[in-house]
Structures are given as C-alpha cells and as structure tokens.
Amino acid sequence: MSGTFGKGHHLHLIDGSAFIFRAYHALPPLTRKSDGLPIGAVAGFCNMLHRYVEGNTGPDAPTHAAVIFDKGSHTFRNDMYGLYKANREAMPEDLRPQMPLTRTATEAFNIACKEKEGFEADDIIATLAVQARAAGGRCTIISSDKDLMQLVGDGVEMLDAMKNKTIDRDGVFEKFGVFPESVVDVQALAGDSVDNVPGAPGIGIKTAALLINEYGNLEALLARAEEIKQPKRRQTLIDHAEQIRLSRRLVLLDENTPLDFTLDDLEVRDPDADTLLGFLAEMEFRTLSKRVAEVLGREAPVIAETSPALPDAPQADDVPFDAEKYEHVADADALQKWIDAIYEVGYVAVDTETTGLNEMTAELVGISLSTEPGKACYIPLIHKAHGGDDLFGSDDLAEGQMPVEQALQMLTPMLEDQSILKIGQNMKYDAKIFAQIGITVAPFDDTMLMSYAQHAGLHNHGMDTLSERYLSHTPIPIKPLLGSGKSAITFDKVPLEEAVKYAAEDADITLRLWQFLKPQLHRAEVTKVYETLERPLVPVLAAMERSGIKVDRDTLSRMSNAFAQKMAGLEDEIYEIVGRKFNVGSPAQLGEILFDEMGIEGGKKGKNGKYSTGVDVLEDLATEHDLPARVLDWRQLSKLKSTYTDALQTHINADTGRVHTSYSIAGASTGRLASTDPNLQNIPIRTEEGRRIREAFVAEEGKTLVALDYSQIELRILAHIADIPALKEAFARGDDIHAMTASEMFDVPMEEMTPEVRRRAKAINFGVIYGISGFGLARNLRIPRSEAQGFIDRYFERFPGIRTYMDDTKAFAKEHGYVQTLFGRKIHTPNIGAKGPHAGFAARAAINAPIQGTAADVIRRAMIRMPDAIADLPATMLLQVHDELLFEVEKGAEDTLIAAAREVMENANDPVVKLDVKLTVDAGTGANWAEAH
DNA sequence: GACATCACG
DNA sequence: GACGTACGTGATGTCC
C-alpha cells in the first residue's frame, strides 16, 4: 500500500527510550570483545527490534513505522517548571556511549528514526498520532508509558510490548479510572513522582478520578472547589490551584510539535541486507547476525574471534528458543556424548521431571540437561506406553527409554563430581529427588536464589517470571500436558515427544538464566548474600525436610472428635438464639443476621458491601450479646479442626509416619523462610486449647524434642541498628525489656510495674518494629487515637534514636529503592515513592524489613553452621519457626545438644557483624512440642 | 479465583 | 495534615 497516508494505513510509533532502558536493565553489562565497548543495551535493543520486525506479519502489519527518541535534557517543560524531572537519576556511565548506537541500529534496520532537540519523544508521538488519526488512518503506540495514555481512542491504541497487551479506552480507564480525554486532568491532580510533577498534595489517582468524574473536568472542579465536603481536600485544591494547573500543562502532550517530515516519510521499508548485516557484524553480534542473515537469505558475516570465549561468558546476542531442536536421549551412546560435552565446559543445567510436587513421595520420571543456550536434551526413564492407558496394558514402558539403572550409573559420577557445577532452578527440589535414590548433587548453583539475592521485593523468582522478565520468553505451560482436576495425569503419562520439548526447555531456560544472573550478582553487590545466606542453606533445609517430625495420628483424631462435638453443641445454641439454622461458617450470612435481622448497631460494610465480622468486631459485640461470643468459640474450634487436627493427618507420610513440610527460601521478601504443605510455622500456641495441638508433635521412642528460641531478637536488633543506649543497657543487664520501656515512658519504678502498664509498653515496642502509627496502636490497645499518639510521642522523646532510624530508613529507601539488613541482604521497596495510601504502607514495610530481615539472616547463619556443630551428637534439626529451632535428640544427650546449639545460635552474627547487644537463647525439652517450648 | 478469616513469629 | 494503617507469612471455607 502506498500513496498519501490515510484510510487503510496503519502507523506504528515505537517509544525508543523505553526500548533502550528495558534492554539495558534486562541484560548484563556486556562489552564488545574486540575493544571492550559497552554494548549490552544495543544488543538488547537490536534483539527487540528484530523480534518486532519478525512479528509484524499478517493483515494487521503496519504500513508506516518509526522509532521516536528523546533528544537533549532541556525541554519547554523545564522552562515552565525548573524542577521537572529533577529527581531523575543520571544516565549510567556505561549506557551513555550506547545511545548514538541505538539510532544507528534503527537506521540499519531501515526503520525511520526521529527525534527533535528540545522535545520529548512523547510530544512527537502525540503529534504523529493526531496527524494519523486526522488523516483517517490507525496508529499503534508501542509503549506502556502512562503519559501517552491521553492519546488513546478513535483509531489510536497502545501496545505494551512487554506483556503483549493492547491498551484501548477501557484499558486506560482501568489504569486511571477515567477515559483518555480526562487523563491529563487526573494526572494534574495526582502528580507524578517519577517526572517530579507536583500535582495536589495528598491526592492520588483514585481520589483524582473520583473528583474528575464528579465535576466533569479540572477547571470545573477548581472553580467549584468550595463545594467539596472533605475540609482537607477542599483546602488543598484551593491552596494549590495554580500548582495543579501547572501540573496539567506539564503532563499535557504537545500535539503541534513542528516536524520537518510527514507521515508519508515513515513508510515501512525492507532493510538493506548489506547495511544491516554490516552493522551487526561491526557490533560483533554473532548469533543475531546469523538469525538475520537467515531471514534475509544471505550468508552470515564472519566475525573474528578476537579473544577466547570465556566458558561462562554470557552471550551478547541470544539464540532463539526452538523446542524442535531439543534432543531425546534414548541410549547410552547419546548419553555419553552429553556427559562428554558437560566435562568439556565444566557445568550443566539440570532439571528433574517427577510424578508429583511432593519430593517425599514423587518418583523420578526423567532428567533434562543443557550446556549452552538452545542446546538441551531430555532423558526419559519411566514414561508409560500409550499414556498409561489401561486398554493397552498400563505398566508397559514407552519405547525409546534407556534402563533407569544404566542412566543413573552413567550420570551419578558427574552429578557428584566436585569439578562439575550443577545448575538448577530451585535446586532443593531436585536435590531431594536425587537424595531419595542416594545421589548427592554437588556443587551447585541455583538461579532462583540468584534472582532472590538480587531482587527480593521486586518480583517472585519462579521460572516463568524469570524467563519472561530476563529472556523475554514464555515457557511452555505444563497445564495442557497434565490437564487439571480429576482428569489430571502425572508426567510419566505424557507422550515422549511432548515431554522432551517441555522438559528440555526447562533446562535450556535455567542455563540461560544462570548465564544472565551470575555476573549480575557481583554488579548488585550481593554475591556474599548468595554465597553465605542462600546457597548453603539448601542442603540444610533439604535434610530437615527429609527428616520430618513425628506426628501422632491418634492424638489428632481424638482431638478432632472432641472439637466436632463441641462445635455441634455451639451450633445448637447459635441456632436457638437466631431462631433458625444457617451456615455459621459464612461471614456473609452471619453479618446479615447480626446487623440486619437482630438489628445490632455498629455494623461496618467492607468494599463489596458485606458486613465485617472479624474477631475484633465480634469481640466488641460480645460484651453486649451472647451470639458473637458463641460464634467466636465456634470459629476457633472450626479453625483448629479443619486446619490442624484434620488437615495435618493427611500430611502424615505413609512410609515415615512423619510430617515433612517444605520451606520456601525465596518466598518472603525479608529473608524469612516460609513453610508450606503443611505450614508448620503457624501451629497454635497462644490459646490453651490450640496449644494442645502441639502435644501431637512427638519425639520417637527413646528420644526427646529440644526447642531453642532467640529471646527478643528483633528488639535487640532494633536496639543495635537504631543505636538506643537505654535499650542496649537494659538488654545487657538482663532486664524485662517491656517493663523497662514502661518504666521509662510512664515514670513507674520497675518494682511497682503493673501488668497493664507493661502490656501497653509491650504493644508499643512491637509497634515500633512494625513502623508504628497512632491509628494502629490505638486499635491494638483499644484506646483513643489521641492517647495512642501521646504514647508514641513520648516514646520518641525518650528514645530519640528510633525516630532517626525511621527517617533515615525511609530516606534510604527513597534514594535507592531498597533497604538492607546488617548482613547486606537487599529488600527492594518499589512502592516507596508512591503517592496516596500506598506510601504509608511501603514506608512501614521499609522500616520493618531491616529488622525482620537481620533476624532472619542471623538464624539462617545458625542453621548453616548447625550440621557441623552437632555432627557428633545423636541429634537432628527438624524445624525452624523464624526465631526457634526444634531438634530431636536421643535421651541423655539433651544438655550436650543444648550447649552446642546455643553456642552456634548466640554467636551466629560472628564474625561478619559485631552486635552491641548480646543474643540470648532459651531452651526447653520434652516428649512433645508443647512441653519442649 | 477472590475474599474473609485466623493460625504463627 | 490525610488517603487507610500496624510488619511478615499460609491454609481453609464461602461464594461467584
């Protein structure tokens, strides 16, 4: 299609800067081999352009396209407002020299490349989009920048290339709560911390959308600001009217940027093969050159090897994923070739396929390996013929598999060879599967933990997330292979051809992630965290999980029956009071009965129109009415029964008679572990009835359980980090820390301390760790907010270091985007700059993270040292509950174990971190967990 | 699958 | 000075 741009034409506008920054952050700091020129961002940029061009086929392909860049740092917006984009970080040093190369790259692909001094790319995009619309054509803006959303509609849409998601008018509404024509009004009110647009203080996108929807537009709102009911909001709008108008001018895109070209100049052109291949060769992008050459039907240019390729050097340009190329290894010859290749490079990505997710019961089905990007294999071992269908004889193995013994005999020396690095994603899983059959995998790297060490708090660390984020590749989903629900099958029933593609791809992805993430560890300065706090924990946890803890089924069963009886009794009483039967377990039904039928005052509805019937609400009502108290009792029993006495029984392993939890190392952002399937970190203890559940956790015959827990570890760490002399001295003296706080705050001598005063001080101490607020403390203590605020003020007065710590921590988080523990663990705080309600949330999390995270690091270090420290004792470490370790030991050796374990725990910070406060550990023993704690 | 609720540190 | 508020988790049951 040609001629003047108009109806039937389709313009693509690519936000060049977004491409560059994404490429820069997604790739390691690659350099050109011949001269060391940084080219990581250019490499990523070229890959993205290539992928973009290749993806543009079919009827919706653009007829016109351009990549638009920013030019110069000073624009007309800086003249309007000196602080515009003032808090932007300077461009990284290794990115600067790459900027001109991205323009050259765009031209090499023969795509129009446009920029204009003094104008932002957004303004040029706006101008072109409006021109395209006026001419009757369509326009797609390839960007996810919210500043461009004001342009959407009437033939203009956006495409988030990252998520491959189109943003239309409805998409804009989802983001802003208004349609595109009102976006600037909302942005003017909400401001933007990234671009430093001031907006109206205290008003975020939600409130802004509410106001604009009510008043129609910004000018109408400002004109009628006096009518607003909320006093603060009204005053803000009146006081900051000019600032808001300025903000609107800042976010409003200029649709009349003077341009020295027309839409017709942007017509899509085929690249010139020589120019493009020449450029790629000059950049020394080997693989991309090959790919592009293939597409163009040309010979790939020869690029000299100017320096020997390092074995673990990341590839500057990536190999495309191609599941067809994965190898199905079916005999000893083929496997031997792989083992030889592994010894050649010294490392291998390994992944296991099994019959289930529970490593204690799952059986090994096959193994996949990868030694370089794009090169991977799957060694199926016990896949069933015909998908295990009974009609054909269910136990027949599929053809094309080597005997399990033979495969393992060949692989085991390699898996255990100290000179071969095994790379896994969540290696604890594979290590446990191999441990089941007597294979100890070592040494190893774990890509999940590498990601966690660098990016805790930013995103999760599952393979799908990492692959999409860092390899721009969506892995083959497992769902279609296994099905779901009742008809779900296990992996050994998956046909070999499909199994090879899926399984080998996992190894391929893992290897690529490792090549990408490993050099980044150093760049992010978290190598020590990974090497000392993450990786060494894997074998320790694997051993604990495999040990499990003995749980007595009869005890649970008896308790379950008792609970059921009590619940039935309570149900009768509840129905009696209400006058009919209903589902006591339904908060919705209960809410209506309490507040509508019975007419009790004080019902509060939540966001979906249901009354809240949480424990706080019911406890308040219980002083006046019988029903809430009964319901609370019923709920407690229901919880204990369903979650503990019943569910726990289903987790008792048939072979071991024990319960084997699984710890996630990379789940909690602060560095804490999390326990799942079942969660053994939330077994009841606070109420007498719940505590009895712990009686079912028992020691084996002839053994005893020993529990050791850190005393007040978070408060001790707070005393150290915030440097509070009074707290440090109290810990040194061994004082009751809450009583001391109370005495200091309320001027009560320690000898005359009452439980009530101490309770309040305790709540405040905890509040401080959580990033205290008057509201939260008031709610916790059930006192007026003003009184709670008074306590907090007094606390800050007596312990001024706390305030400094809080302020410094928030400032650090704002500046760096993360906070750190004493051991260097980073916890990212992406929402710290948010406006509105999110801000307080993020600030409190930032204040808490170094404290909770340091405590988590301390016990991790203790756990890592523990196996050696107790190696000569007849003892096993079973469980970790954040500040507690539970052991099982032969009778008679309790004291020796306590001495050894306490020594490790109390000195776990040594020698990396020197603490001003001593860590102390309390110990207990017993035949069951209730006694030991 | 979202939400409410409640178990733990 | 106000948006809604204590920090971090996981499992269960209801209800759409």
Side-chain angles (χ1 to χ4, degrees), chain A residues 190 200-208 210 230-233 235-236 239 457 583-591 606-608 610-618 631-632 635-636 638-644 646-648 651 661-664 667-687 690-691 693-694 709-710 712-714 763-764 766-781 785 788 792 827 834-853 855-856 859 880-884 933:
Chain A
I203 292 185
I205 287 182
K206 285 237 169 86
T207 314
L210 204 77
Q230 298 87 337
K232 302 299 168 198
R233 203 177 279 177
Q235 206 54 41
T236 300
D239 291 351
N583 187 347
V584 186
S586 164
Q589 292 180 30
L590 178 70
K607 55 180 162 185
N608 41 13
K610 304 251 172 66
Y611 290 110
S612 166
T613 67
V615 64
D616 285 0
V617 176
L618 294 191
V631 172
L632 281 173
R635 277 197 187 157
Q636 196 198 1
S638 164
K639 180 81 171 186
L640 294 176
K641 182 172 185 296
S642 68
T643 309
Y644 300 104
D646 290 353
L648 219 40
H651 286 284
T661 184
S662 177
Y663 290 101
S664 48
S669 59
T670 54
R672 272 195 177 178
L673 303 178
S675 159
T676 63
D677 309 302
N679 182 354
L680 294 185
Q681 290 182 322
N682 71 346
I683 303 302
I685 192 167
R686 289 173 186 171
T687 67
R691 188 189 173 90
I693 305 268
R694 294 191 174 216
D709 66 286
Y710 283 105
Q712 307 286 8
I713 186 168
E714 293 195 353
I764 298 167
F766 276 106
V768 167
I769 292 172
Y770 297 152
I772 200 158
S773 78
F775 184 94
L777 184 64
R779 209 179 55 152
N780 190 291
L781 285 176
R785 193 168 164 177
I792 294 171
I827 298 121
K835 296 218 169 189
H838 282 342
F841 200 73
R844 289 193 296 273
I847 289 166
N848 174 259
I851 303 167
Q852 188 181 114
I859 197 165
Q880 188 249 44
V881 191
H882 308 308
D883 63 357
E884 169 186 356
H933 194 280

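Keep in mind that this is a model prediction, so the values were computed, not measured. Just so it is clear: chains get the letters A, B, ... in the order the sequence lines come, proteins before strands, and each one is counted from 1.
Distance from the side chain of A:F775 is smallest to C:dT5 among C:dC7, C:dG10, C:dT5. Considering only the side chain of A:F841, C:dC7 comes nearest among C:dA6, C:dC7, C:dG10. Side-chain atoms of A:S773 lie closest to C:dT5 of the nucleotides C:dC3, C:dT5, C:dG13. Residue A:T643 has its side chain nearest to C:dT12 when only C:dC7, C:dT12, C:dG10 are considered.
Within 4.0 Å of A:F766, counting heavy atoms only, lies no atom of the nucleic acid at all. Using a 4.0 Å heavy-atom distance criterion, A:K639 is classed as a base contact. Counting any heavy atom pair closer than 4.0 Å across all strands shown, A:S638 reaches no nucleic acid atom. Note on A:R686: a base of the nucleic acid sits closer than 4.0 angstrom, heavy atoms only. Residue contacts shown for A:D709 are absent, as no nucleic acid heavy atom lies under 4.0 Å away. Among the protein residues, A:E714 comes within range of no part of the nucleic acid, since none of its heavy atoms lies under 4.0 Å from any strand. At a threshold of 4.0 angstrom between heavy atoms, the contacts of A:A839 with the nucleic acid are absent. Among the protein residues, A:G204 comes within range of no part of the nucleic acid, since none of its heavy atoms lies under 4.0 Å from any strand. Residue contacts shown for A:D883 are limited to sugar-phosphate atoms, with no base heavy atom under 4.0 Å away. Residue A:I772 is in base contact, counting any heavy-atom pair closer than 4.0 Å across all strands shown. Residue A:A842 is classed as having no contact, given no heavy-atom separation below 4.0 Å to the nucleic acid. Among the heavy atoms of the strands, none lies under 4.0 Å from A:R691. A:L777 comes within 4.0 angstrom of a nucleotide base, judged by non-hydrogen atoms across all strands.
Residues A:T661 and A:S675 share a closest heavy-atom pair of OG1-OG, 2.7 Å. Nearest heavy-atom pair across A:I827 and A:S669 is CG1-O, 3.3 Å. Across all non-hydrogen atoms, the minimal contact from A:A200 to A:T236 is CB-CG2, 4.0 Å.
Atom name C1', nucleotides C:dT5 and C:dG1: the rounded distance is 15 Å, in whole Å. Of the P atoms belonging to C:dG4 and B:dA4, the separation is 15 Å, rounded to the nearest Å.
Not a single donor-acceptor pair under 3.5 Å links the side chain of A:R635 to the backbone N or O of A:G585. Side chain of A:S586 to backbone of A:Q589: a donor-acceptor contact under 3.5 angstrom is found. No donor-acceptor distance shorter than 3.5 angstrom exists from the side chain of A:T207 to the backbone of A:I203, with no hydrogens or angles considered.
On a pure distance criterion of 3.5 Å, no polar donor-acceptor pair joins the side chain of A:S586 and the base of C:dT14. For A:R635 against C:dT12, a side-chain-to-base donor-acceptor contact under 3.5 Å is absent.
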Show me the donor-acceptor pairs, under 3.5 Å and distance only, between side chains in residues 841-849 of chain A and residues at least two apart or in other chains.
unit_1 : atom_1 : unit_2 : atom_2 : d
A:N848 : OD1    : A:Q852 : NE2    : 3.3
A:N848 : ND2    : A:I769 : O      : 3.0

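Look at A:S669 and you'll find a side-chain N or O under 4.0 angstrom from OP1 or OP2 of C:dT9. A sub-4.0 Å separation between OP1 or OP2 of C:dT9 and a side-chain N or O of A:N682 is absent.
When both pairing distances are held under 3.5 Å, C:dC3 makes no Watson-Crick or G-U pair with any nucleotide shown.
In textbook terms, a nucleotide whose glycosidic angle is within 90° of 0 is syn, while B:dC3, being further out, is anti.
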Quick one: do A:Q880 and A:Q681 satisfy side-chain contact (heavy atoms from CB on, under 4.5 Å)? Show the steps, please. CA-CA 7 Å; A:Q880 188 249 44; A:Q681 290 182 322; 3.0 Å; yes
Worked check of side-chain contact (heavy atoms from CB on, under 4.5 Å) between A:L777 and A:I764: CA-CA 7 Å; A:L777 184 64; A:I764 298 167; 3.9 Å; yes
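Of all nucleotides in DNA chain B, those with any atom nearer than 4.0 Å to a heavy atom of chain A start and finish, going 5' to 3', at B:dC3 to B:dG9.
Judged by closest nucleotide on DNA chain C, A:R844 is the one of A:A588 and A:R844 placed further toward the 5' end. When each of A:P587 and A:Q852 is assigned the nucleotide of DNA chain C bearing its nearest heavy atom, the one mapping closer to the 5' terminus is A:Q852.
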